[in-house]
2 protein chains.
Amino acid sequence: MDAIDLALVDLLRGNARLSYAELARQVGLSAPAVHERVGKLESGGVIRAYRAEVEPETIGLGVTALIGIVEDSGADTDDVLEAFRGIPEIESCYFMAGVESFLLKARVGTIAELEQLIVRLNRTPGVASTRTSIALSTKWENRPQAVAPTSS
Amino acid sequence: MDAIDLALVDLLRGNARLSYAELARQVGLSAPAVHERVGKLESGGVIRAYRAEVEPETIGLGVTALIGIVEDSGADTDDVLEAFRGIPEIESCYFMAGVESFLLKARVGTIAELEQLIVRLNRTPGVASTRTSIALSTKWENRPQAVAPTSS
DNA sequence: TACAGTCCGTGGACGCCATCGACCTCGCCC
DNA sequence: GGGCGAGGTCGATGGCGTCCACGGACTGTA
């Protein structure tokens, strides 16, 4: 994990569809060398996936909510987690310090669907209560912060 | 925006580095047709970007925090937003309903850096108070939910 | 019905890219 | 000094991206 690896990671966080040839030009190596480095970053768990980032409204997911979860005393956290994992609307799941054990980011199409989701969460065994905040708008999301020492 | 477009979006959310030829095979069109469709999805604002998803710990960003922001009465929300935009540690920024106008997701390397960030936020003009919760672990993040009617 | 225009696709062509293997160079250890 | 491994370059080849010309389906008009 040297400076070139960091530069590759930055480049791919900015545009995951860059060709190996283009990456090679940017970092000053040959394409096969870049190919090998990126392969190692993938298999070494540094790069988890390549994803297209989509404007949620355009695919019918216009409602974003952040939901705090308080667990029952004596709830099995792993079971709760597994239940959450089975709910596709939950895009992100953080295990938190504080009264609320989890913070979920969920995305649905309508307020009615959000209501159904909240009901479902409250019925989940191990969940004592939920606290939902609606995002009126997303200013930005998952902006990558540069990590390489500024690629010249 | 028909079923084929949705299938393409789903495929690219799952793996942004799929070749046009592979996409074409999956949706049953020719590569040039897919190329054109994806181009329109990009220029039409449906696909915003292609990003490599990185394990944050591996690039020295092991601390994740969610920070609620209460604005001063009379604060200029746009100015506050602009100030936030200039802070690279803030990866996501939601404008919320409720007492806290903003919810920020920030990522830093150490608790000391988080402290500095919180101080900086509290000093930002227009910010009345902040409330920080630390994520002990990220169970998952930005999991794409399928939107196409299950690609066969 | 006939016709023209538009949209959206296909197939072919061509140059670039991904990827493999052979080889080279450097640093390290015995 | 000599062997070895990591990590690079170079060259070849097959597949891919991308441009272009062409063709069928649908629509509105006479």
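Within every chain, numbering begins at 1; the chains are lettered A, B, ... in the order of the sequence lines, protein sequences first and strands thereafter.
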Seminar exercise, completed: When every non-hydrogen atom of B/Ser92 is compared with those of A/Glu141, the smallest separation belongs to OG-CA, 3.5 Å

For this session: Would you indicate, yes or no, if D/dC16 has its OP1 or OP2 atom less than 4.0 angstrom from a side-chain nitrogen or oxygen of B/Arg17?
Result: no

Problem set entry | Nearest-Å distance for atom pair CZ/C1', residues A/Arg37 and D/dG8 | 9 Å

Exercise. Of the non-hydrogen atoms in B/Thr130 and B/Ile67, which two are nearest, and what is the gap between them?
Worked result: CB-CG2, 4.1 Å

For this session: Find the distance B/Arg25:CZ to C/dT10:P and express it as a whole number of Å.
Result: 14 Å

Problem set entry | Listed nucleotide nearest any side-chain atom of A/Ala21, set C/dA18, D/dC10, C/dG9 | C/dA18

Seminar exercise, completed: From CD1 of B/Ile4 across to C1' of C/dG9 the rounded distance in Å is 10 Å

Exercise. Expressed in angstrom and rounded to an integer, what is the separation of B/Tyr20 atom OH from D/dT18 atom C1'?
Worked result: 10 Å

Problem set entry | A/Met96 side chain near A/Ser101 side chain, heavy-atom distance below 4.5 Å | no

For this session: Take the protein atom CG of B/Asp5 and the nucleotide atom C1' of C/dG9, then report the distance between them rounded to whole Å.
Result: 14 Å

Exercise. How is the base pairing of DNA chain C summarised as a dot-bracket string, given the Watson-Crick and G-U wobble criteria with both distances under 3.5 Å, [ ] for crossing and | for another strand?
Worked result: ||||||||||||||||||||||||||||||

Problem set entry | Cationic N near anionic O, under 4.0 Å, A/Glu55 to A/Arg107 | no

For this session: Step through the shown structure and confirm whether more than 12 heavy atoms of other residues, nucleotides or ligands are within 6.0 Å of CD on A/Glu91.
Result: yes

For this session: Take the protein atom CG of B/Leu23 and the nucleotide atom C1' of D/dG17, then report the distance between them rounded to whole Å.
Result: 12 Å

Exercise. Are B/Leu104 and B/Ile111 connected in a single hydrophobic cluster, I mean Ile/Leu/Val/Met/Phe/Trp/Tyr linked by side-chain heavy atoms less than 4.5 Å apart?
Worked result: yes

For this session: Check whether more than 12 heavy atoms from other residues, nucleotides or ligands sit under 6.0 Å from atom CD of A/Glu22, and answer yes or no.
Result: yes

For this session: Round to a whole Å and report the spacing from NE2 of B/His35 to C1' of C/dA13.
Result: 16 Å

Exercise. What integer distance in Å separates A/Glu22:CD from D/dC16:C1'?
Worked result: 17 Å

Exercise. Using a cut-off of 4.0 Å on non-hydrogen atoms, how would the nucleic acid contact of B/Ser19 be classed: base, sugar-phosphate, or nothing?
Worked result: sugar-phosphate

Exercise. Does the side chain of A/Lys40 get closer than 4.0 angstrom to OP1 or OP2 of D/dA6 through an N or O atom?
Worked result: no

